[in-house]
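These notes concern the structure reproduced below.
Whatever order the structure lists them in is the order used to number ligands and atoms, beginning at 1.
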Amino acid sequence: MTAPITKLLIANRGEIACRVIQTAQSMGIRTVAVYSDADASARHVAMADEAVRLGPPPAADSYLKSDLMIAAAKDTGAQAIHPGYGFLSENPEFVDAVEAAGLIFVGPSAASIRAMGLKDAAKDLMIRAGVPVVPGYQGAEQDADFLAAEAERIGYPVLIKARAGGGGKGMRKVDRPNDFRAALEAATREGQASFGDGRVLIEKFITSPRHIEVQVFGDSHGTVVHLFERDCSLQRRHQKVIEEAPAPGMTDEMRAAMTDAAVKAARAISYSGAGTIEFIVDGSGPLRPDGFWFMEMNTRLQVEHPVTEAITGVDLVEWQLRIAAGEPIPMPQEDLTINGHAFEARLYAEDPVNGFLPATGRLEQVKFSQLARNDTGVRAGDGISPFYDPMIAKVITHADSRKAALTRLVDALQETHLAGTVTNTEFLIALAKHDGFREGQVDTGLIERNLDGLVSVPPLSEAHVAVAGIAALDLDPTAPHFGWRLWEEAAHELRLLSDADLVERRVVLHQNGRIELTGGADSVTLSDVLRTGDRISARMGSTQRMIEANVAVWNDAQGTRVSVLIEGVVREFLLPDARWGTSAETGQGDAVLAPMTGMLIALDVAEGDLVDEGDRVGIMEAMKMETTLTAPRAGRVKAVLSAVGDTVEGGAVVITFAEEANA
Ligand code: ADP
């Protein structure tokens, strides 16, 4: 029953929607995007041939609305729906509805999804199929005494898992019998709250676990193949951070055992389409064929599928579309081979230094490295919406060896410049440079154990300050008459805010093109300064060290902002608009600036109020710490620009004062 797909609706957003559209277009398939009001001008909408509005930004009102998806496909004449990952991708009711409407769901049958949807039922099914599972209890009996006895039998430490769980929710590790009941209650509560199902299973906790998964494909003719494994052991709070293929330390024997088990698992449910069998692996020593156990099956395309594409040369989305149209798997198992090594790093708008707090903002510049495949759903000018997953991009590198691919990942990340929002790029670079990871000694606890070293912030470098100064003052040493001024040296007083710190330098321009900065810990001289577009290069200091920087400059209500990238380190500066001065630090400007990004929790003044120098005018809170805002001088409040409860960006103006000192 081959039914050619000529028009496809992509029921998703962001990078995965763009990824699917790209392959569909290369196959000559017309594409229909869907969007919420937050995404009306998003990249996936611009890429598709047509786009249909779903509704307001919350996913429950837009990307999770199965009836709207189906109506959009019908209205536009699409024959098939690709769900991407997340949202409706593993929802069997959606699959039923799609098929009832006479449309093709690009993915497995509803029955396959149901069979793998609950952890306990899936484990039972796998035991029957001869696939190794983690020892434990996954039966119906839920009495607390009974479960405690089971935990004793399994042997501590154990893991309690909500059977309907996902994304690490409803999971509790228990080390001692005394802690069992409290953990059981917590897992039950979380399972009930998040999935409407409080039932749990209990598993042996595998110490030093690795997460290794196998990519499988099935077709409607009964063929199942695998596309080898991916190692996703680098996780934080059960979320994958960097993935790779193949797995480090993999042996032929182990690979044969794992891929064989994965194919058996897929066959057991007559699987059709792309799927992933996740295994937990004993990583306390070298890999052993009796040291891996089935964890769960993801019945969709995975976020990390590009590493498999890189090493096999297969376009997984193309296979998905062909199989959905009824074609057989395009390549026999014998023809599939591993070529080289690949890594994927997930770039997020989040702040590792502040507990990985999700960040929002507008991406003022988006510059990726040519060394990598960069899968993204954003462009410069796009906002990071608080409504969806804050992933900005996936950076994927491929090379002949693991070492070369990892070096390339570091280089690619160091060349990536995302300006306007805080990102986890520096954390990813630190992780990619980690010695244990470099040697392939990975386990799911690596990040947590090394967190302090991975999120440390280097002090502000003078190179960043100098480049920010050149960009903010718009200096061009190659211009005629640079630094030329009658009887006096040409100098600027540079005052920049970097987070809450005031950076003050005297910048002297010499007629020979040199730029001298004084006022920092050491004075520095830049020579051979060259500026082409976003790039600034210079030689710095007595050692003549070469600096290569990328800059982004933009203006907002506070003044001119400059984002500087040097060797993988991005720092943002604000050249405050002359109107505001830099009161928070100098105590004499016309405004109070937020010393850091945080929430305004109290305001003591209103427009027209008179204050004395040093009066408390408000309180801000960030990371549970309060900071008092004080009046920089005596005067009358001209304007209050934020309200209690507002999140205020560091450096933003909160209160301004009237010009006259004693009005
Ligand atoms: P979820 O469906 O919530 O993502 P999983 O069952 O896939 O839950 O497990 C998520 C992660 O938890 C795994 O990648 C692994 O790091 C860890 N984990 C799961 N089961 C065990 C176990 N038995 N022992 C140790 N760690 C485990």
In the protein, what heavy atom is nearest to [atom], and what distance, to one decimal place, separates them?
{"atom": "atom 11 (C) of ligand 1", "answer": "His238 ND1, 3.5 Å"}
{"atom": "atom 24 (N) of ligand 1", "answer": "Ile206 N, 2.9 Å"}
{"atom": "atom 3 (O) of ligand 1", "answer": "Gly168 N, 2.5 Å"}
{"atom": "atom 6 (O) of ligand 1", "answer": "Lys161 NZ, 2.9 Å"}
{"atom": "atom 7 (O) of ligand 1", "answer": "Glu296 OE2, 3.0 Å"}

For this session: Using a 4.0 Å heavy-atom cut-off, say whether Thr444 meets ligand 1 through its side chain, its backbone, both or neither.
Result: side chain
Exercise. Taking heavy atoms and a distance under 4.0 Å, where does Lys204 meet ligand 1: side chain, backbone, both or neither?
Worked result: backbone
Heavy-atom contacts with [X] under 4.0 Å: which atoms of ligand 1 show up? List them by number with element.
{"X": "Glu278", "value": "7 (O)"}
{"X": "Gln235", "value": "14 (O), 16 (O)"}
{"X": "Met295", "value": "9 (O), 13 (C), 14 (O), 19 (C), 20 (N)"}
{"X": "His211", "value": "14 (O)"}
{"X": "Met171", "value": "8 (O), 9 (O), 12 (O)"}

Taking the side chain as every heavy atom from C-beta outward, state whether [X] and [Y] have any pair of such atoms under 4.5 Å apart.
{"X": "Tyr388", "Y": "Arg13", "value": "yes"}
{"X": "Asn12", "Y": "Tyr63", "value": "no"}
{"X": "Val106", "Y": "Ile81", "value": "no"}
{"X": "Val200", "Y": "Thr188", "value": "yes"}

Exercise. For residues Asp197 and Gln192, is any side-chain donor paired with an opposing acceptor at under 3.5 Å?
Worked result: no
Exercise. Without hydrogens or angle criteria, can the side chains of Thr276 and Arg230 be said to hold a donor-acceptor pair below 3.5 Å?
Worked result: yes
For this session: Flag yes if more than 12 heavy atoms outside Lys264 fall under 6.0 Å of its NZ atom; otherwise flag no.
Result: yes
For this session: Determine whether more than 12 heavy atoms belonging to other residues, nucleotides or ligands lie under 6.0 Å from atom CD of Glu93.
Result: yes
Exercise. Would you say Lys119 contacts ligand 1, with heavy atoms under 4.0 Å as the rule?
Worked result: yes
Problem set entry | Met254, Glu213, His211, Glu229 screened by side-chain contact (heavy atoms from CB on, under 4.5 Å) with Val281, the one that passes | Met254
For this session: Please confirm whether Ile280 comes within less than 3.5 Å of ligand 1 when only nitrogen or oxygen atoms on both sides are compared.
Result: no
